[in-house]
Amino acid sequence: MTPAARLSAAIECLDDVLAGENAERVLTNWARGHRFAGSKDRAAIRDHVFDALRCKRSYGWLGGAGEARPSGRQLMIGALRAEGADPDTLFCDDRFAPRPLTDEERTAPPALDAPPRGVRLDCPDWLLPLYDETLGADAEAALALLRQRSDVFLRVNIRKSTLSYALELLADDGIEAVPHPLSETALKVTRGARAVARSQAYLTGVVELQDAGSQAIIDGLPLEDGMAVLDYCAGGGGKSLAMGARAALNLTAHDVDPARMQDIAPRASRAGITVQTARKADLAAAYDLVLCDVPCSGSGAFSRSPQGKWALTQARLDRLVALQAEILAEVAPRVCPGGVLAYATCSLFEMENAAQVAGFLARHAAFEPIRQRQISPLEGGDGFYFATLRRLN
């Protein structure tokens with residue numbers, strides 16, 4: 001496919017996404033219906049779509065939509081202008097290219113030093129005070145990072161390997177990476193990221209895909225051999241595997257939707273770690289450590305899931321905050337005396353983080369705080385928060 005044809009495909013996909021469809025599903029369906037498209041074509045189209053979703057307000061502004069909802073075409077015009085390219089070079093009469101620009105579309109849009117703050121930072125206006133509350137003077141720098149593609153991070157499985165050996169094994173498959181300061185197990189991929197899933201390092205369980213900030217959460221947990229540990233909102237089990245690599249644990253994973261855990265068994269087998277999965281009725285009465293990586297706004301990871309940034313509403317956020325409190329209250333009795341309750345989000349909002357933990361402590365006198373940490377995107381990974389609390393009796 002030519003660059004112009006890829007742009008046409010991205011416009012088609014974006015129009016479906018802007019109409020409310022899931023971006024991943026749209027891209028998958030497009031690929032199935034266009035078998036002629038090669039892997040590089042599909043990757044380029046995907047990058048166009050997700051870059052446009054991360055920068056929807058600024059690209060729409062540059063594409064002529066102003067503050068109105070943009071079309072896929074306007075987003076792609078804006079994307080070209082954002083990178084300093086002339087849209088006329090790709091919006092042309094070539095076969096499969098987007099139709100040429102109209103005179104109205106050629107009209108120079110307002111410069112990006114003029115629009116409202118939310119347009120410049122690609123953030124819904126109502127979320128800006130929430131970022132400001134937590135990050136203060138760093139809010140704009142963090143939001144600027146959240147409108148860019150996230151780095152690809154790997155976690156070295158220290159049960160099987162060292163960082164140096166993992167780097168050698170990755171290099172054998174043309175993948176370059178460097179250690180990252182957020183976690184002693186973290187590697188940032190600098191070349192060959194798309195080859196990771198086919199690499200021997202990945203297929204043999206030496207590395208797993210996991211954000212550096214997520215790895216830092218596990219670094220902050222008091223894990224010791226023999227502990228009974230419950231990963232209560234386990235999802236695909238990434239944090240379960242990271243905990244199991246650090247100590248010989250009696251490790252149980254649970255999720256309200258068991259289907260989300262279907263990949264845990266093969267991933268654990270590849271990593272050389274034992275993880276039991278269990279429904280709520282089968283959970284033990286008490287654990288030495290319970291980790292709750294709760295459903296949240298995702299406001300620290302909008303660069304990875306940009307559709308969520310625009311779909312989030314105040315009502316949805318309020319429901320999430322209520323759900324987080326319910327989960328904490330639900331699992332508190334499963335922490336044995338002297339044990340630890342760990343709470344984590346990929347959010348940067350105070351109401352989901354420190355305020356949520358403070359509310360829990362005010363309602364549960366049996367717990368005391370051990371530590372808490374807010375991880376900013378400025379530290380190099382996604383934004384996260386975690387707190388550890390000890391049960392006294």
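- Contact check on E326 versus R319 returns no salt bridge, with no Lys/Arg side-chain nitrogen under 4.0 Å from an Asp/Glu carboxylate oxygen.
- Under a 4.0 Å N-O distance rule, the pair R117/D125 does not qualify as a salt bridge.
- Under a 4.0 Å N-O distance rule, the pair R73/D15 does not qualify as a salt bridge.
- Judged by distance alone, with hydrogens and angles left aside, the side-chain atoms of R334 form a donor-acceptor pair with the main-chain N or O of A284 at under 3.5 Å.
- With 3.5 Å as the limit, one finds a donor-acceptor pair spanning the side chains of Q314 and D318.
- Between L312 and P124, every side-chain heavy-atom pair lies at or beyond the 4.5 Å cut-off.
- A salt bridge links D41 to R6: one of the charged nitrogens lies within less than 4.0 Å of a carboxylate oxygen.
- Counting non-hydrogen atoms of other residues, nucleotides and ligands closer than 6.0 Å to CZ of R363 gives a total above 12.
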Could you walk me through whether S240 and D231 pass the side chain to side chain donor-acceptor pair (under 3.5 Å) check?
CA-CA 6 Å; S240 293; D231 185 358; 2.6 Å; yes
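- Formation of a donor-acceptor pair under 3.5 Å by the D122 side chain with backbone atoms of R147 is not found in this model.
- Nearest heavy-atom pair, W30 versus A9, reported as atom, atom and distance to 0.1 Å: CZ2-CB, 3.4 Å.
- Between R390 and E368 there is a salt bridge, since at least one side-chain N of the basic residue sits less than 4.0 Å from a carboxylate O of the acidic one.
- Q210 and S214 share a side-chain donor-acceptor pair at under 3.5 Å.
- A donor-acceptor pair under 3.5 Å is absent between the side-chain atoms of R159 and the main chain of A271, judged by distance alone.
- Hydrophobic cluster membership differs between V178 and V156, with clusters built from Ile, Leu, Val, Met, Phe, Trp and Tyr side chains linked at under 4.5 angstrom.
- Looking only at atom types and distance, the side chain of Y385 has no donor-acceptor partner in the side chain of E352 under 3.5 Å away.
- I11 and V17 fall within the same hydrophobic cluster, where Ile, Leu, Val, Met, Phe, Trp and Tyr residues are linked whenever their side-chain heavy atoms come under 4.5 Å apart, directly or through other members.
- Classification of R260 and D257 as a salt-bridged pair holds, one side-chain N sitting under 4.0 Å from a carboxylate O.
- Side-chain N or O atoms of S269 include none that pairs as donor or acceptor with a backbone N or O of P266 at under 3.5 Å.
- For the pair L53 and L14, the minimum side-chain heavy-atom distance is below 4.5 Å.
- Considering K160, K239, R267, R155 as possible partners of E208, the one that fulfils the salt bridge (charged side-chain N to carboxylate O under 4.0 Å, His left out) test is R267.
- For the pair S183 (side chain) and A212 (backbone), a donor-acceptor distance under 3.5 Å is absent.
- Between the side chain of E176 and the backbone N or O of V189 there is no donor-acceptor pair closer than 3.5 Å.
- Within the 4.5 Å cutoff, side-chain heavy atoms of R373 are placed close to those of I375.
- When all heavy atoms of F91 and I77 are compared, the closest pair comes out as CZ-CG1, 3.6 Å.
- No donor-acceptor pair under 3.5 Å is formed between the side chain of D173 and the backbone N or O of A195.
- A single hydrophobic cluster is not seen to contain both V331 and L320; linkage of ILVMFWY side chains at heavy-atom distances under 4.5 Å, directly or through other members, places them apart.
- Taking the ring axis of Y202 as reference, the NZ or CZ atom of R270 stays within 45° of it and closer than 6.0 Å to the ring centre.
- A chain of hydrophobic side-chain contacts below 4.5 Å, direct or via other Ile, Leu, Val, Met, Phe, Trp or Tyr residues, connects L130 to L121.
- Each of F302, Y131, W126 was checked for a ring pair (Phe, Tyr, Trp, His ring centres under 6.0 Å) with F349, and the lone residue meeting it is Y131.
- No donor-acceptor pair closer than 3.5 Å links the side chain of S347 to the backbone N or O of S297.
- Taking the six-membered ring for Trp and thresholds of 30 and 60 degrees, H364 and F360 have nearly parallel ring planes, at less than 30 degrees apart.
- If you chain together hydrophobic residues whose side chains sit under 4.5 Å apart, L323 and V290 fall into the same group.
- Using a distance-only test at 3.5 Å, with no hydrogens or angles considered, a donor-acceptor pair links the side chain of Q74 to the main chain of S71.
- Heavy atoms only, all atoms of each residue included: G235 and D255 are closest at N-OD2, 2.9 Å.
- Between C336 and D288, the closest heavy-atom pair is SG-OD1, 3.5 Å.
- Using modelled atom types, one finds a donor on one side chain and an acceptor on the other under 3.5 Å when comparing N250 with Q276.
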